[in-house]
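Please read the structure below before turning to the comments.
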Amino acid sequence: MNVRELLNAKAEAALEAAGCQPGTAAIVGPATRPEFGDYQANGALGAAKRMKINPRELAQRAVDAMPLHGIATCSVTGPGFISFTLADTFLGEVLAEDAGIAPAGAGQRIVIDYSHPNLAKEMHVGHLRSTIIGDALARTLEALGYEVTRQNHVGDWGTGFGMLVAHLRDMDQGDGGDQEQLADLERFYQEARRRFADDTAFAERARDVVTMLQQGDPTVRDIWRRYIDISMSHCQEVYDLLGVSLRPEHVRGESAYNDDLETVVNELDEAGLITEDDGALCVFLDEFRGRDGKVTPVIVRKSDGAFLYHSTDLAAVRYRVGALHAKRVLYIVDARQGLHFRQLFAVCRAVGYEGDASLEHHAVGLMQGPGGRPFATRHGNVLRLTDLLDESVQRARHVVADKSPHLSSTEREDVARVVGIGAIKYADLSKNRTSDYVFDWQAMLSFDGNTAPYLQYAYARIQSLFRRGGVNPASLTGTPTVDTPEEHVLALTLARRQETLEQVAAQAMPHFLCAWLYDLASAFMRFYENCPVLEEGPARNSRLLLCRSTADGIRTGLGLLGIETVERM
RNA sequence: GCGCCCGUAGCUCAGUUGGAUAGAGCGUUGGCCUCCGGAGCCAAAGGCCACAGGUUCGAAUCCUGUCGGGCGUGCCA
């Protein structure tokens, strides 16, 4: 149940009954000051101003007309807020009846484009954000009943691959040693680049290879395919380690659109959008002006006849809306590509590829190095994603060995993996998607405070309670009796899950889910300190039910972020 | 030059669309009872929300300007 929406609907009905125009926004949200209640409506203030009447009087009329039927009490506070305090009986019923996530999505099809690594190189820390934010959104949208199609638009095409394929062809002894050659993709890439720069004959061959690749030469295509397969399997290893739900079937890279590019350009031409300029085929849209007020073109074919990423992205929209029937296409992509997407969407509108779909670029902020500089290691290289993950798991191993020596070695290893990976993901996911942020080893590898291990620890503590009490949580029945202040806050937080998930989906912002999980775990920790659970007495069953709901909330919530839990740690 | 984003506690970040006394974590300081797990709990110190104007009953949030940073800006993606 979406409690916020429920209260908002009641507050709007009350405002209308109090004399406001129909449709006056009640603006209900969580209370900013808990001493005044659980939720508050701010809408009476603005409405009173427009009506030129006293805001407290309007709020009081709305309070008198509020059709709450026992779910909450409300009163006028401050200059004209309406403060709500949910009834403990209502909270108990919500928890008892509302175990699952309500399907708000109604089967709408959403294509979500995320991760999209460049297969020429290994995945580095810069790929982390799009990958895990996109994955959390895909999982959350699915849980809300949307029909989600994941698309991994990998970079597997273009001039850079001529160099790599030529180098691989030279290195290949015909003994199938590719795996070995490509074990360190980064090194292979650097070698190829050095040759391309130093050896003019090689550079010439590399350029020929690009042409042969695009024309479909079978031998070159075969080498390219082997390269892509190996590079892609490296990515899949990272996804698996990272707990990202992307699978090979979600890959539809740039190369997949190669055969559509000519058609796209023809369709743009038929729509009268193409202008030739300096030998390149361009779309000039008046709204995009750059230097000297001149229009900045969208170049869809270079003067040498080659296509660019605009062409590929146009073909991708055509496919996603036309063949996949997407109603929304979500691009979880670096903020630097903002202009590219504004141009892309404008061209799609002009040529008709947009249809009735909504094309949305949900920009991801940059991960920066110390001092807000572009991210690099001490040696000037980017940090490999696997190295970051390995480091975190290694640190978690030490902590687990220190704190949980009683666990078996296999269990310790599992905990180290779940904690280490979870910490990295949560550190990133808990930040606002759009903000640039500074990469910070200490914060990212911390297991204390507002971190994934804190949430995992709360979950493990609850499981420990069940074990110690000999309780099978699945067999618990009844409705919790919410009584103490700690129980009230815990139940209230649990009741906010649905509105939180809908907010995550509406704004494509997973950090709201992180904030909710932290609220939930903290509310549980305070409850745990103040309310004995296993003590025999009338509260025991009720408190066990609260524990079960909390454990479910943490496990499923973390699950939507792609973070695991453990039964003990 | 033009465009987009940003500037919040020593550090790293939130701040639900303009609401009440700006919140967390880390770090610092001080507490936590033979009691369900101390990866925890409680508390303290720490802020001219870059700066200056403006709009408003009300501004970290909206507008203008200044300073500082990041990114983009016709043949890479």
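A note on names: the letters A, B, ... follow the listed sequences, proteins ahead of strands, and every chain is numbered from 1. Heavy-atom basis, side chains included; hydrogens, waters and symmetry copies ignored.
Distance from the side chain of A:S404 is smallest to B:A39 among B:A39, B:C36, B:G19. Closest contact between the side chain of A:V419 and the listed nucleotides B:A77, B:A39, B:A20 involves B:A39. Picking from B:G19, B:A77, B:A39 the nucleotide with the shortest atom distance to the side chain of A:Y309 gives B:A77.
A donor N or O paired with an acceptor N or O is not found under 3.5 Å between the base of B:A77 and the side-chain atoms of A:T312. Below the 3.5 angstrom threshold, one finds a donor paired with an acceptor across the side chain of A:S464 and the base of B:G37. With hydrogens and angles left out, the side chain of A:S83 and the base of B:A20 share a donor-acceptor pair within 3.5 Å. Taking only distance into account, the side chain of A:K403 never meets the base of B:G38 through a donor-acceptor pair shorter than 3.5 Å. For A:D448 against B:G25, a side-chain-to-base donor-acceptor contact under 3.5 Å is absent. The base of B:A39 does not come close enough to the side chain of A:Y457 for any donor and acceptor atom to sit less than 3.5 Å apart.
With respect to the salt-bridge test (charged N to carboxylate O, under 4.0 angstrom), the residues A:D113 and A:R320 qualify. Using a 4.0 Å cut-off between a side-chain N of Lys or Arg and a carboxylate O of Asp or Glu, A:R417 and A:E413 do not qualify as a salt bridge.
A perpendicular orientation is assigned to the rings of A:W157 and A:W224, their planes being inclined by more than 60° (bins at 30° and 60°).
Only one option out of A:Y454, A:F512, A:Y426, A:F524 pairs with A:Y518 in a ring pair (Phe, Tyr, Trp, His ring centres under 6.0 Å); it is A:Y454. Among A:Q343, A:Q337, A:H340, the one residue that satisfies the side chain to side chain donor-acceptor pair (under 3.5 Å) test with A:D313 is A:H340.
Contact annotation: A:R468 reaches the phosphate of B:G37 (side-chain N/O to OP1 or OP2, under 4.0 Å). Here A:R461 reaches the OP1 or OP2 of B:G38: one of its side-chain N or O atoms lies under 4.0 Å away.
Residue contacts for A:F284: at a heavy-atom cut-off of 4.0 Å it reaches a base atom on one of the strands shown. Nucleic acid contact class of A:R568 (heavy atoms, under 4.0 Å, all strands): base. Counting non-hydrogen atoms under 4.0 angstrom, A:H511 reaches the backbone sugars and phosphates but no base. In this structure, A:E535 reaches neither bases nor backbone, as no heavy-atom distance under 4.0 Å exists between it and the strands shown. A:D277 comes within 4.0 angstrom of a nucleotide base, judged by non-hydrogen atoms across all strands. A:R33 comes within contact range of at least one nucleobase, with a heavy-atom separation under 4.0 Å. A:V399 comes within 4.0 angstrom of a base, heavy atoms only. Among the heavy atoms of the strands lying under 4.0 Å from A:A280 is at least one base atom, whether or not backbone atoms are also near.
Across B:A44 and B:C63, the matching C1' atoms stand 40 Å from one another, rounded to whole Å. Nucleotides B:G53 and B:G72 have their C1' atoms positioned 30 Å apart, rounded to a whole Å. When the P atom is used for both B:U56 and B:G47, the distance is 32 Å, rounded to whole Å. Nucleotides B:C57 and B:C41 are separated by 42 Å at their C1' atoms, to the nearest Å. When the C1' atom is used for both B:C67 and B:U29, the distance is 37 Å, rounded to whole Å. B:C51 sits 16 Å from B:A59 when the C1' atoms are compared, rounded to a whole Å. Here, B:G58 and B:G3 have their C1' atoms 33 Å apart, quoted to the whole Å. With both ends at atom C1', the span from B:C49 to B:C32 equals 35 Å, rounded to whole Å.
Nearest-nucleotide positions on RNA chain B place A:T77 closer to the 5' end than the other of A:P532 and A:T77. Between A:R433 and A:Q442, it is A:R433 whose nearest contact on RNA chain B lies nearer the 5' terminus.
Regarding A:L339, its CG atom lies at a distance of 13 Å from the C1' atom of B:C5, rounded to whole Å. Rounded to whole Å, the distance from CZ on A:F341 to P on B:U73 is 14 Å. Between the P atom of B:U21 and the CD atom of A:Q40 lies a distance of 12 Å, rounded to the nearest Å. Rounded to whole angstrom, the span from the CG atom of A:L45 across to the P atom of B:G19 amounts to 10 Å. Between A:L285 atom CG and B:G3 atom P there is a gap of 19 Å when expressed in whole angstrom units.
Stacking between A:Y454 and B:G40 is absent: the aromatic ring centre is not both under 5.5 angstrom from the base six-membered ring centre and within 30 degrees in plane angle.
Using a 4.5 Å heavy-atom threshold, the side chains of A:V418 and A:I563 count as separate.
Taking a pair to require two hydrogen-bonding distances under 3.5 Å in either a Watson-Crick or a G-U wobble arrangement, B:G72 pairs with B:C2. Pair assignment for B:G65: B:C51, on the basis of Watson-Crick or G-U wobble contacts that are both within less than 3.5 Å. Of the nucleotides present, B:U12 is the one that pairs with B:A24 by Watson-Crick or G-U wobble criteria, both distances under 3.5 Å.
Looking at every heavy atom in both residues, A:A508 comes nearest to A:R433 through O-NE, 2.6 Å.
For the pair A:R496 and A:Y39, the cation-pi criterion (under 6.0 Å, within 45° of the ring axis) is fulfilled.
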